[in-house]
Each structure stands twice: as structure tokens, then as C-alpha cells.
Amino acid sequence: MKNRAVARVFQEIADLLEIKGENPFKIRAYRKAAHTIENLSTDLKTLMEENKLREVPGIGEAIAKKITELLTTGHLGYYEELRREFPEGTLSLMSIPGIGPKTAIRLAKELGISNIDELEKAIINGRVSGLYRLGDKVAANILRHIRMSRHKDMRIPIGEALPVVEQIVALLRDRPGLQHLVPAGSLRRFKETIGDIDIMGTADKPQDVLQAFVELPLVEEILAKGASKASVITTGGIQVDLRMVEPDCFGSLLQYFTGSKEHNIILRERALRQGLSLSEYGITVLETRKTEKFATEEAFYDRLGLQYVPPELREGRHEIELAEKRAIPRLIETSDIKGDLHVHTNWSDGFDSIEAMAEAAMSRGYAYLAVTDHSAGRGIAHGLSEERLKKQITEIRALNPKLRGLRLLCGVEVDIRSDGTLDLPDDILRELDVVIAGVHSAMAQDSEKMTRRLVLALENPYVHILAHPTCRLLGVREPVDVDLEAVLHTAARTGTALEINATPQRLDLNDLHVMRARELGVKLVIGTDAHSAPQLDTIRFGVGVARRGWCGKSDIFNTKPVDEVLTLFKRKARASQRTVA
DNA sequence: ATGGCTATCCATGTTTACCAGCTGGTAAA
């Protein structure tokens with residue numbers, strides 16, 4: 001049994017205990033243990049054999065015993081008994097937002113509902129809204145979430161797909177005779193979700209590479225393996241195709257399989273007008289019927305009289321027009337980023353200390369890092385009260401002289417309450433270098449209310465950045481209902497920056513929003529929202545979104561030196577003082 | 001259930017918002 005499977009059992013025990021209404025601290029102990037086990041770098045079995053289970057923080061006598069039982073017998077009596085106490089399927093009801101343990105158990109016991117389909121029927125028949133303390137609004141809300149979960153698309157978030165591809169490429173890169181190995185498709189274009197993963201390669205002996213590919217440890221199932229192509233399903237359930245091709249037409253093949261379809265259609269139509277026919281094998285001159293081959297994409301675009309088009313722009317918008325005029329801008333790169341303006345520490349719900357985050361920022365070569373922990377309104381995150389924030393400011397100021405080359409900025413991610421007011425008074429916000437405002441509650445508000453709420457927050461003279469403006473979580477939570485156009489205009493008018501939140505689950509703003517923001521002259525920053533030091537690396541996902549939104553270095557504010565950033569932020573408060581005067 | 005450590009004990013995560021019924025339970029973040 002793998003660590004992950006053990007963790008899942010404990011997570012489910014916690015859910016069941018929650019339904020049961022057990023001691024909350026006991027529930028938390030199981031959740032904590034599950035989390036620790038999931039992130040453990042050593043195999044539980046090894047720890048068990050060395051009698052070191054108890055040394056893991058969060059694993060005590062009872063849980064160590066349960067792990068041992070699981071690992072030796074493959075079963076856990078306690079868990080199985082617990083499951084028997086509740087109707088089958090009660091747990092699945094809790095996956096619907098709006099249904100917690102109390103409601104789940106009532107639906108199961110009072111209506112005999114044991115799965116989501118039955119729940120849907122019961123709501124439609126009006127059986128749910130008849131229950132005590134469950135009215136029409138609750139029922140309608142649950143129904144809405146059920147329908148939403150049905151329509152969830154099955155594409156994989158790029159945050160999951162990219163690491164898998166990188167792992168595969170890293171494992172195969174050193175095969176003798178391998179020349180190219182490049183992911184194509186929507187992954188290469190850095191779309192936020194990916195269908196299947198396509199990797200293209202060239203090698204002296206393609207068969208060897210294909211063989212090594214299907215033998216990788218992360219391969220769960222081999223769907224097909226031929227002379228030039230293999231398809232597998234990874235242990236994470238993602239389909240990956242590897243296509244080995246002839247080196248002399250690698251360029252046109254890579255171009256073809258990178259897409260997008262829309263981009264390639266426009267390209268073909270344009271080529272036809274020039275008497276050229278495009279295919280994945282090259283460019284055919286219609287008059288002579290001769291096909292030219294291209295080893296690189298650059299040569300391919302060049303033959304068509306076009307500037308090279310970065311994959312992120314190949315969406316059939318206006319990139320080909322601009323490539324004709326050689327007017328495609330230089331896009332932002334991760335190395336252009338000079339600092340991160342949104343990170344958390346263990347003062348709120350972050351994992352690492354301020355020092356550890358600063359250390360990580362220095363090793364990335366950053367010039368600055370803004371510490372922006374939550375405010376008290378986010379109770380569960382152990383958000384900072386005014387008092388604790390003051391203490392943190394003192395600590396950061398004391399730390400700064402000790403840091404070589406890095407400027408730590410004092411900041412906060414202040415809650416925007418349901419009415420648009422902020423969770424901290426202006427007096428303290430005024431003291432800070434960086435104030436990020438963000439919505440973390442009451443996300444179901446209607447568009448009018450939500451828009452008014454965000455506009456009000458942006459109008460605060462001390463708010464510099466609006467965090468994750470639409471609050472979406474890919475595959476988990478839909479964006480809030482908001483008039484984003486109005487928000488963008490307010491941001492432009494007040495000189496407030498909008499964030500491209502780089503957390504792979506968020507990517508918020510998205511590429512289209514970023515384009516629109518650029519058009520309106522809205523300042524943009526990329527922030528990782530890192531909750532641990534390694535998460536500073538997720539900046540590249542934000543850079544990917546910015547590139548898809550046609551951003552150059554100058555469009556993203558945290559490519560500027562620290563003084564310029566601070567000057568801009570201070571300018572907003574000064575401007576509003578003038579307005580008042 | 002864990003971990004600290006005077007203990008067959010005690011602390012451990014908190015605030016906001018919404019809805020059903022007009023104060024308090026439930027869920028989300």
C-alpha cells in the first residue's frame with residue numbers, strides 16, 4: 001500500500017467522524033496525519049520496519065497502530081466499521097458545495113438518499129425543501145451545484161499536466177541518439193487546461209526511445225506501441241502520446257501538432273493564396289508539386305514570409321497579420337520578473353517563515369519580496385489582526401538590513417468584506433508598502449452586488465493590487481458573477497493594479513482578461529500567492545498567462561525595480577489626497 | 001488523536017455570511 005492510499009483512508013475517516021459529530025480535535029488529528037503522510041518523502045513501510053512511525057509529527061500511538069494494520073493486512077477494521085455506520089454514498093453528498101456533514105447525514109437518514117442522482121430527483125420532486133431548516137433557496141443552490149459538477153470538462157489543468165511532461169522529458173533526455181523531445185499541442189501553447197498530451201521527438205533509433213518511454217515508472221497502462229508512436233496512461237490517469245518523426249521535417253510536424261486548429265486554418269488559407277499547400281510534412285509548391293521540408297519551425301514560418309509566432313499566441317486571433325508586418329512583440333519571460341508581490345508565511349496560513357521565504361526569493365535572484373499574509377477576517381488562515389500585523393512590520397524592518405540584495409516589503413492581503421469594506425482600517429494600511437485586497441467570502445453574490453463590492457475596494461486609496469479578481473478555482477469553483485469590464489475601468493481610473501494570480505489552480509485573471517486589461521491601460525502584476533518556499537516557482541504559470549495575453553516585459557509591473565514599484569503604489573494615495581483637497 | 005510534560009491532565013482553528021424563521025444553525029474560506 002502506497003503512502004497516498006493510506007492518506008486517503010485517514011482523510012475518509014476524518015470525513016466520517018465529521019458526519020458522526022465526533023470531537024473536532026480528533027477529526028483534525030486524522031486530517032493532519034493524512035496531510036503529513038501525503039507529503040512524506042519516505043515510504044511508510046520503511047518507517048514501519050525501522051519502528052520510526054511515531055517519530056513523524058502528527059502520528060501518535062493510535063494512528064501508528066492503524067498504519068501498521070493497513071500495511072500488514074491491507075485492511076483497517078476501525079475504518080470498515082465506521083463505514084458500516086452510514087448509508088453507502090453519504091460521503092459523496094458532501095462533495096457538493098453547500099452540503100456539509102449535517103445536511104448529508106439528514107438527507108441520507110430522513111430521505112434515504114445515497115447518491116447524487118437520487119438527491120437531484122428528490123430536489124426536483126420537492127422532497128428536500130420540505131425538510132425542517134432546508135428551504136427553497138438551499139435546495140435550489142444544491143441543484144445548481146449538482147448541475148455544474150456534471151458539466152465540468154474533463155480537461156487537465158496545466159498545473160498537473162506540465163510537471164508530468166517535464167518528468168517524462170527529464171527521464172528520456174539522456175537516451176543516446178536523442179535529438180529533440182518537445183511537447184506539442186495545447187500544453188505548448190500554455191492553455192489553462194489540456195486534453196491529451198502530445199510529445200514529439202527525433203532520434204537515431206526511435207524504437208529505443210519509444211521502448212524507454214513505455215517502460216517509465218509513471219506508466220500505468222500501454223495503449224499502443226508501434227514503430228513511430230506510443231500511447232500510454234500515466235499513474236495519474238493522463239494520456240500521453242509520444243510521436244517519433246524524421247528530423248528533416250520536425251519543424252513542420254511540430255508546428256502542425258502545436259496548433260491551434262484555428263491558427264493553422266488561417267495559415268493554410270493564406271498559403272493557398274500564395275500558391276503553397278501546407279501539410280504536416282512540409283510546404284508544397286502547387287505549380288511544381290514539389291514538397292519542401294523544414295527541420296525547424298523558424299524556417300517554416302520564414303518560408304511563408306512570416307515572423308516566428310510564439311506558441312502561446314497561436315490562437316487564430318491577429319497573430320498572423322502581425323507576423324506579416326514583423327510586429328509580434330517580444331513576450332515577457334520568467335527571467336524578467338524582479339520580485340514576487342504576493343506570498344504568505346507561517347504568520348498566517350503559509351508553511352514557511354519570513355526568513356525562509358526571503359531565502360528562497362534570494363536564491364531565485366529576486367530584488368524584492370512582499371510579505372502579504374491574510375487579515376483576521378480569514379479566521380481559518382489564522383489571519384493577522386492589526387496588532388499582529390504591526391508586530392510583523394517591526395520584524396520585517398529589523399530583518400531587512402540582514403538580507404543581501406533582497407528588499408522585503410511589508411504588506412497584507414486584506415479581506416474585502418461582503419459590503420466592499422476592508423477588514424483593516426486605513427490607518428494601518430497606510431503604513432504598508434504593498435496592500436493587496438481580495439475576496440474570500442460571500443462569493444455567490446449577484447453581479448451587481450459583487451461589482452459594487454470590488455469597485456468600492458479599488459477606490460480605497462491604500463489598496464494597490466486586487467488579488468485573484470474572479471476567484472475561480474479551475475475545475476472546483478466557477479468565477480464569481482461580476483461585471484469585469486467595470487472593474488477594469490475602475491482599476492484604470494484609480495491606478496490600481498490587477499493581479500495575474502499564478503497559482504496553477506487559479507490563473508486569475510485569465511489570458512483574455514489580461515488582453516482586455518492591457519487595452520485599457522490597467523497595471524498588471526504577477527503574484528504567486530505562494531504558501532511555501534517551493535511555490536515561488538509557480539511564477540512561470542503566471543508568466544504563461546501573461547504571454548497568452550500578449551504581455552511584454554513592460555506590461556507587467558513586477559519586472560520593474562523596487563523603487564519604481566513603491567513610487568507607483570504611493571502615487572495612488574497622493575492622487576486621492578489631491579482629489580479630496 | 002496528538003503532544004506537551006507536574007498530567008489517570010489539558011489545549012488544540014476562527015471569522016463571516018447566509019438562510020430559515022425571526023436567533024441560531026450550518027457551511028465556507
Side-chain angles (χ1 to χ4, degrees), chain A residues 9-11 13-37 53-67 76 78-79 82 93-107 128-142 144-145 344 346-350 373-386 388 413-424 437-446 449-450 453 467-468 471-473 476-478 480 501 503 505-506 529 531:
Chain A
V9 171
F10 287 132
Q11 199 60 258
I13 289 175
D15 289 341
L16 288 162
L17 292 176
E18 199 170 4
I19 292 181
K20 219 177 154 180
E22 259 280 7
N23 171 7
F25 300 109
K26 190 166 165 179
I27 297 166
R28 220 178 61 210
Y30 277 107
R31 284 206 208 287
K32 199 173 151 197
H35 181 80
T36 312
I37 291 169
L53 282 175
R54 297 284 306 271
E55 289 172 25
V56 180
I59 296 181
E61 194 187 339
I63 290 183
K65 224 175 118 191
K66 290 187 175 74
I67 294 172
L76 182 57
Y78 175 74
Y79 168 62
L82 209 50
L93 300 181
M94 280 174 64
S95 67
I96 304 289
I99 300 182
K102 296 278 162 55
T103 312
I105 192 70
R106 285 190 55 205
L107 290 169
V128 171
S129 53
L131 295 184
Y132 176 73
R133 276 196 173 275
L134 281 172
D136 293 340
K137 280 208 171 180
V138 170
N141 186 42
I142 292 173
R144 193 171 56 86
H145 281 293
H344 297 272
N346 58 7
W347 281 64
S348 65
D349 59 349
D373 276 308
H374 289 287
S375 60
R378 282 216 73 196
I380 200 153
H382 195 42
L384 272 56
S385 63
E386 200 175 337
R388 284 183 66 222
E413 180 181 10
V414 63
D415 249 40
I416 303 173
R417 288 201 270 235
S418 72
D419 60 356
T421 59
L422 301 179
D423 194 34
L424 287 166
V439 163
H440 298 97
S441 63
M443 297 189 186
Q445 289 177 329
D446 63 46
K449 224 173 179 180
M450 183 61 81
R453 179 181 181 188
H468 42 71
C471 298
R472 68 138 173 210
L473 292 175
V476 176
R477 185 170 65 213
E478 292 294 307
V480 296
N501 191 295
T503 303
Q505 261 202 316
R506 290 193 183 267
D529 206 349
H531 282 69

Query raised in the report: Using 30° and 60° as the class limits, which term best fits the ring planes of A:His344 and A:His531: parallel, tilted or perpendicular?
Result: parallel

Look at [X] and [N] and indicate whether a side-chain polar atom (N or O) is within less than 4.0 Å of OP1 or OP2.
X: A:Arg477; N: B:dA28; value: no
X: A:Ser441; N: B:dT15; value: no
X: A:Arg417; N: B:dT16; value: yes
X: A:Lys26; N: B:dT12; value: no
X: A:Arg28; N: B:dG13; value: yes

Report task. Can you measure from CZ (A:Arg453) to OG1 (A:Thr421) and round to the nearest 0.5 angstrom? Result -> 9.0 Å

Query - Separation of A:Arg28 CZ from A:Glu22 CD (nearest 0.5 Å) - result: 14.5 Å

From [atom1] of [X] over to [atom2] of [N], roughly how many Å is that when rounded to an integer?
X: A:Arg54; N: B:dG4; atom1: CZ; atom2: P; value: 11 Å
X: A:Ile19; N: B:dA27; atom1: CD1; atom2: P; value: 11 Å
X: A:Met443; N: B:dA17; atom1: CE; atom2: P; value: 12 Å
X: A:Met450; N: B:dA17; atom1: CE; atom2: C1'; value: 12 Å
X: A:Lys32; N: B:dG3; atom1: NZ; atom2: C1'; value: 8 Å
X: A:Ile96; N: B:dT26; atom1: CD1; atom2: C1'; value: 17 Å
X: A:Ile99; N: B:dC18; atom1: CD1; atom2: P; value: 19 Å
X: A:Asp419; N: B:dC18; atom1: CG; atom2: P; value: 10 Å

Categorize [X] for me: base, sugar-phosphate, or nothing, with a 4.0 angstrom heavy-atom threshold over every strand shown.
X: A:Asp136; answer: sugar-phosphate
X: A:Ile63; answer: sugar-phosphate
X: A:Gly383; answer: nothing

Among the nucleotides [options], which one has an atom lying closest to any side-chain atom of [X]?
X: A:Tyr30; options: B:dG21, B:dA1, B:dG13; result: B:dA1
X: A:Pro57; options: B:dA20, B:dA1, B:dG3; result: B:dG3
X: A:Arg133; options: B:dT2, B:dA20, B:dA17; result: B:dA20
X: A:Lys137; options: B:dA28, B:dA1, B:dC19; result: B:dC19
X: A:Val138; options: B:dA1, B:dC18, B:dA20; result: B:dA20
X: A:His440; options: B:dA27, B:dA29, B:dG24; result: B:dA29
X: A:Ala62; options: B:dT2, B:dC18, B:dT16; result: B:dT2
X: A:Ser418; options: B:dA20, B:dA17, B:dT16; result: B:dA17

With a 4.5 Å heavy-atom cut-off, do [X] and [Y] have their side chains touching?
X: A:Arg506; Y: A:Leu473; answer: yes
X: A:Tyr30; Y: A:Lys66; answer: yes
X: A:Leu422; Y: A:Ile416; answer: yes

If we take the [atom1] atom in both [N] and [M], what is their distance in whole Å?
N: B:dT6; M: B:dA11; atom1: C1'; answer: 16 Å
N: B:dG24; M: B:dC9; atom1: C1'; answer: 33 Å
N: B:dT26; M: B:dG21; atom1: P; answer: 12 Å
N: B:dT12; M: B:dA17; atom1: C1'; answer: 26 Å
N: B:dG4; M: B:dG13; atom1: P; answer: 13 Å

Query raised in the report: Between A:Arg378 and A:Lys66, which is nearer to the 5' end of DNA chain B once each is assigned its nearest nucleotide?
Result: A:Lys66

Report task. Name the residue closer to the 5' end of DNA chain B, choosing between A:Lys449 and A:Val439 according to the nucleotide with the nearest heavy atom. Result -> A:Lys449

Requested in this report: Carefully, step by step, assess A:Arg31 and A:Glu18 under the rule salt bridge (Lys or Arg N to Asp or Glu O under 4.0 Å).
Outcome: CA-CA 11 Å; A:Arg31 284 206 208 287; A:Glu18 199 170 4; 2.5 Å; yes

